[in-house]
A.B. asks: 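Take this structure first; my questions come after.
Just so we're on the same page: letters track the sequence lines, and every chain starts at 1.
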Number of protein chains: 2
Amino acid sequence: MKHRPTIRDVAKKAGLSLSTVSLVINNRGNVSPGTRESVQKVIRELAYHPTRSARGLASKTSGNIGFILSEEHFSQAEPFYTRIFLGTEFEARDHNYYILLTTVGNQFDPDEYVPRFLLERNVDGIIIAGKVNEKLISHIDSLGLPIVLVDYEIKRAHHSAVLIDNWRGATLAVEHLLSLGHKRIAFVGGDIRHPSITDRHEAYQNTLHMAGVFLEESYEVTDEEETSVAGGTSSAERLFASGAKPTAIFAANDAMAIGCMRYLKSRGMSIPQDIAIVGFDDIEISSHIEPHLTTIRVLKEEMGKIAVQRVVDSINAKTKTVVTTHVPVELIVRESTVALAHVED
Amino acid sequence: MKHRPTIRDVAKKAGLSLSTVSLVINNRGNVSPGTRESVQKVIRELAYHPTRSARGLASKTSGNIGFILSEEHFSQAEPFYTRIFLGTEFEARDHNYYILLTTVGNQFDPDEYVPRFLLERNVDGIIIAGKVNEKLISHIDSLGLPIVLVDYEIKRAHHSAVLIDNWRGATLAVEHLLSLGHKRIAFVGGDIRHPSITDRHEAYQNTLHMAGVFLEESYEVTDEEETSVAGGTSSAERLFASGAKPTAIFAANDAMAIGCMRYLKSRGMSIPQDIAIVGFDDIEISSHIEPHLTTIRVLKEEMGKIAVQRVVDSINAKTKTVVTTHVPVELIVRESTVALAHVED
DNA sequence: GTGAAAGCGCTAACAT
DNA sequence: ATGTTAGCGCTTTCAC
């Protein structure tokens, strides 16, 4: 018999029944310490390891966690969600789960296409990163699978979520600019419908308001479809075309900030002397572009880790507790911000 | 019965046996067109989908491909292997496989630690990215699992591999510098034991040789342990300390190139006027640093895709054919290289 | 071309 | 605390 040992072999060699061995493997039930010991000894001797699919079939668990991401987010060069994903991979390992990744389009029709791991009953819980179609989310919900959202939130339905502390981040960013003497601080947002951007925008307004700074509407560019570098460039263009004369810009994310910088440079303005700029996210390239971008650091890997912890908790728990976690942010001051040179009226 | 339909339900409703339905599902065997049709109809009506673990247990397949990466490579900020990994995720989907990621340390002792998916029989094939312990590779081999190496090669053992065309890339890089009039072209390598680096180094030497350029040994810094930004900085430092007076540097990868740039800038040299520099890999930040780095582009996602194709081929094939693929590279000229200002002998 | 029967290796009641 | 007995849902010989 050159076969891999099965639980049967272990039971036989230990002179016990299958169920006792099974109980030991899953350290469940009341097994006497002596029995447990001897079973473990046999397991070691035989180098026995349970087969995943057999456990899966019998226990109706897969040992996998599904990670769902929109196609756009997966494809985009900016590795924001990718970092969150890598964080889940890291943490999943410690919990003896594997992550199954899938991307989905913006539309969702259960008769058209459903992520394969859902159909195959190949996941025990789901992590959803970023915005995806809500119908998909409720479909998963109807399957009874635990769901954890990352960097996305749905007001109506109640799901556990791991969120960026956007409000605090934006407040830090604007306060930083204020403390440098800036008053005419513009906001360059993107898709204002994304909850994160909305929060950043509102915190921006609130912080200025609290500081007694009142600006015209032209200082806010929030009608850009794309929260991207290109979107940042075109937003900056429209900002200046509108007649606004900002001494600083708070961009809703680093990509847009970089887009703004690109525009400013092309117009011969120098950063931060002529205009200061703060981003949000602290993506990789922010510390490499010139000047190095002052930004709000988001702990992306950490978000992935927390998401895994939440979903594993939900898998093990019988009760559906909803937990919302706001991951802290941090102001990273680099070269793109500097004190206002001279006071202007 | 509010249960999910099983193959049994399909068989019953179709008035056929389990085996026939199974044959249809796997489109195998001789099933008459009419029967096939009607089974498929029932499957659609019932919205039946086979359960992964049941198939797995019965067929001894998992539907998963394992992706093994060294801890260092996974943790490093530079998203080189990460991009390869994402390429595999993309492609795996088209082949109805999922990717299971695991990281491994430099050491390998089968009695100590073996990737869980191996123990659990939870993968049908393995992709290994970058350098990992050879004992691990032969262990996997002994399990009879198909293996595909990516960006790594073992001369002794014969495994399918997806490799960068390092020789051509390095040749392109050096020829580019030569065509700009540079002659004193230094090489800054890293871990010269890595096959990729070795190839780049040899191609560098060969290209200079073919061009009739002969340089002292001091022009080659190949004793740096780390192929990283820090390694690049310290290599550059030693390069200049050695008395070499290069007008251009070919770095074994972008990270080292960036490290070199950092050193050069700190010494007040301007790039590319005082010294031109070419990297290799075309990592994300290379197009963002100042000056934008001229480099050799490597199609990382593509490498991942090809790796999946290879491993899927191997899984389906009975014969163990070894296929080595060299993925083409491309010279990307940016700002860090420019024609030599004046000829110096 | 289709069906019957025998598992795959494990977990989970239910007994004892 | 441990054993007995059924499956979990599918694939796979082997008959017919």
A.B. asks: Are any non-hydrogen side-chain atoms of A:Asn64 and A:Ile99 less than 4.5 angstrom apart?
C.D. replies: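 Result no, sub-4.5 Å side-chain heavy-atom pair not found.
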A.B. asks: Should B:Arg55 be listed as having a side-chain N or O under 4.0 Å from OP1 or OP2 of D:dT11?
C.D. replies: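 Indeed, a polar side-chain atom of B:Arg55 lies that close.
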A.B. asks: Nearest whole Å is fine: how far is C:dC10 P from A:Leu46 CG?
C.D. replies: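 Interatomic distance, CG of A:Leu46 to P of C:dC10: 11 Å.
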A.B. asks: Considering just the side-chain nitrogens and oxygens of A:Thr35, establish if one lies under 4.0 Å of OP1 or OP2 belonging to D:dT2.
C.D. replies: yes
A.B. asks: Would you tell me if any nitrogen or oxygen in the side chain of A:Arg4 comes within less than 4.0 Å of OP1 or OP2 on C:dG9?
C.D. replies: no
A.B. asks: Answer yes or no: does a side-chain N or O of A:Thr20 lie under 4.0 Å from OP1 or OP2 of D:dG3?
C.D. replies: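 True: A:Thr20 side-chain N/O within range (under 4.0 Å) of D:dG3 OP1/OP2.
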A.B. asks: Is the phosphate of C:dC8 approached by A:Ser53 (side-chain N or O, under 4.0 Å from OP1 or OP2)?
C.D. replies: no
A.B. asks: Is it true that the NZ or CZ of B:Arg4 lies under 6.0 Å from the centre of B:Tyr48's six-membered ring and within 45 degrees of the ring axis?
C.D. replies: no
A.B. asks: Please report, rounded to the nearest Å, how far the P atom of D:dT4 is from the CG atom of A:Leu18.
C.D. replies: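 Between P of D:dT4 and CG of A:Leu18: 9 Å.
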A.B. asks: With heavy-atom distances below 4.5 Å as the criterion, would you say the side chains of B:Val148 and B:His159 are in contact?
C.D. replies: no
A.B. asks: Below 4.0 angstrom from OP1 or OP2 of D:dT11, is there any side-chain N or O of B:Ser59?
C.D. replies: no
A.B. asks: Please confirm whether the shortest side-chain N or O distance from A:Ser22 to OP1 or OP2 of C:dT11 is below 4.0 Å.
C.D. replies: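 Yes, such a contact exists.
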